[in-house]
Amino acid sequence: MLKPVDTDAIIRDGRVAGIFPGEIHKGVAWWVGACFVVICRARQIAVAHDDHPTTAEFHRRFCRGAINAVHWACQVSDLGATDETQLLHAMKELGSVPGARLSTADSGERRTVTIRLYAADGRPVTEDTGLARLREMIASDRVPIPVNDQAKGRITECRNLVEAL
C-alpha cells in the first residue's frame with residue numbers, strides 16, 4: 001500500500017476522519033470511495049461536500065475511486081456543496097441510493113477532513129453495517145483495483161436535486 005494510514009485511528013465512531021496533512025491523505029478518499037461501492041454493492045451513489053477548499057480534492061478522489069470500483073460501473077451523482085439534509089433528500093429522490101458527504105473543519109492550523117457514509121435507507125454506516133469491513137479492506141491492502149474504460153462508471157453533476165430545497 002502506498003502511503004499507509006492508521007486505519008484504526010481514522011475509521012471509527014461512524015466516520016472516516018483525520019487531520020490533514022498527517023493522519024489522513026487525499027488517496028484515502030479514493031480508497032474509501034472504491035471500498036464503499038463494493039461494500040454496498042452499489043450501482044449508483046450520491047456524493048456531496050461542504051465547499052471547503054481542502055475538501056475539494058478529497059471529494060474529487062472519492063468520486064474517482066467510486067467509479068473505478070472493480071466492475072460495478074457505479075454512477076456517481078455529484079450533488080456539489082450540500083448539507084446532510086439535502087444529501088439525504090437527494091439519496092431518496094435518486095431511488096434510495098447510498099451516499100457520502102465530505103467536509104473539513106478548521107481549528108487554527110489543524111484541518112480535520114471527515115467522510116460520512118450513508119446506507120441506502122439514509123442511516124449512517126456503522127461498524128456493523130460496513131465500517132469494520134471498510135477498515136479491514138484498506139488495512140489489508142484489498143482496495144478494489146481500477147477497471148478498464150468499458151467497465152468504469154461515470155460522474156454526473158446533479159446539483160438540481162438540491163437547489164430546490
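In this text the structure is predicted, and so the values were computed from the model without any measurement.
Listed for the D78 side chain is a donor-acceptor partner under 3.5 Å among the backbone atoms of G80. With hydrogens and angles ignored, the 3.5 Å screen pairs a side-chain donor or acceptor of R101 with a backbone N or O of T82. No donor-acceptor distance shorter than 3.5 angstrom exists from the side chain of T129 to the backbone of V125, with no hydrogens or angles considered. In terms of modelled atom types and a separation under 3.5 Å, the side chain of R12 and the main chain of A9 share a donor-acceptor contact. Under the 3.5 Å distance criterion, the side-chain polar atoms of D50 are left unmatched by any main-chain donor or acceptor of A81.
Closest heavy-atom contact between C35 and L134: CB-CD1, 3.3 Å. Pairing each heavy atom of L79 with each of C158, the nearest pair is CD2-O, 3.6 Å. Taking all atoms of both residues into account, the shortest heavy-atom contact from C63 to I155 is CB-CD1, 3.6 Å. Counting all heavy atoms, side chain and backbone alike, A29 lies closest to F58 at CB-O, 3.2 Å. The two residues G130 and I39 have their closest heavy-atom pair at O-CD1, 3.7 Å.
Shown are V97, I67, V37; of these, the side chain to side chain contact (heavy atoms under 4.5 Å, CB included) with V76 is made only by I67.
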Determine, stepwise, if the pair L117 / V32 fulfils side chain to side chain contact (heavy atoms under 4.5 Å, CB included).
CA-CA 9 Å; L117 304 172; V32 172; 4.2 Å; yes

Test F20 against K26 for side chain to side chain contact (heavy atoms under 4.5 Å, CB included), laying out the working first.
CA-CA 9 Å; F20 173 77; K26 296 170 187 170; 3.6 Å; yes

Ring pair (Phe, Tyr, Trp, His ring centres under 6.0 Å) between W31 and H25, intermediate numbers included
CA-CA 11 Å; W31 301 342; H25 56 80; 5.2 Å; yes

Test log, rule side chain to side chain contact (heavy atoms under 4.5 Å, CB included), inputs V143 and I138:
CA-CA 6 Å; V143 175; I138 293 172; 4.1 Å; yes

For side chain to side chain contact (heavy atoms under 4.5 Å, CB included), just list the numbers for I19 and I24, CA-CA rounded to whole Å, side-chain angles, deciding distance to a tenth of an Å, and then say yes or no.
CA-CA 6 Å; I19 297 169; I24 196 168; 6.0 Å; no

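Taking OG1 from T112 and CZ from R15, the interatomic distance works out to 8.5 Å, rounded to the nearest 0.5 Å. Here the NZ atom belonging to K152 is positioned 13.5 Å from the SG atom belonging to C74, to the nearest 0.5 angstrom. Atoms OG1 and CZ, on T55 and R111 in that order, are 10.0 Å from each other to the nearest 0.5 Å. To the nearest 0.5 Å, atom CZ of residue R154 and atom OG1 of residue T156 are 4.5 Å apart. Note that the CE atom of M91 and the CG atom of L87 stand 5.5 Å from one another [nearest 0.5 Å]. Taken from OG in S103 to CG in D51, the straight-line distance is 12.0 Å, to the nearest 0.5 Å.
A salt bridge between R135 and E127 is present, with a side-chain N of the basic residue lying under 4.0 Å from a carboxylate O of the acidic one. In this structure, R60 pairs ionically with E57, as a charged nitrogen and a carboxylate oxygen lie closer than 4.0 Å.
At a threshold of 4.5 Å between non-hydrogen side-chain atoms, the residues V38 and M137 count as touching. Side-chain atoms of Y118 and E84, non-hydrogen and from C-beta on, do get closer than 4.5 Å to each other. Side-chain atoms of I115 and F36, non-hydrogen and from C-beta on, never get closer than 4.5 Å to each other. Inter-residue side-chain proximity for L131 and T126 is flagged as unmet; no heavy-atom pair is nearer than 4.5 Å.
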Donor-acceptor pairs under 3.5 Å, side chain of residues 41-48 to any protein atom, not counting sequence neighbours: which ones?
residue : atom : partner : partner atom : Å
R43     : NH1  : W72     : O            : 2.6
Q44     : NE2  : S77     : OG           : 2.9

